Amino acid sequence: MDGFINLIANVGFPIAVSIYLLIRIEGKLESLTESINALTNTIGKYK
């Protein structure tokens, strides 16, 4: 039983941090994608 608790303690925290960071980065990636699309459209108007 101690091994199981130790496994959760060692693996659970990195998994929680990874999920948190992925959620935060996802919003920024969506914003970046929208900005790139807007830039592409703006550049396309002047060609």
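Residue numbers run from 1 in the order of the sequence given. Every value quoted in this text rests on a predicted model; they were computed, and no experiment measured them.
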Applying side chain to side chain contact (heavy atoms under 4.5 Å, CB included), name anything that partners Ile15, two or more places apart in sequence or on another chain. Val11, Ile19

Under 3.5 Å, is there a donor on one side chain and an acceptor on the other for Asn41 and Asn37? no

Shared hydrophobic cluster, Ile23 / Tyr20 (ILVMFWY, side-chain heavy atoms < 4.5 Å): no

Measure the spacing between CD of Glu34 and CD of Glu30 and express it to the nearest 0.5 Å. 7.0 Å

Leu39 CG to Thr42 OG1 distance, which is reported to the nearest 0.5 Å: 6.0 Å

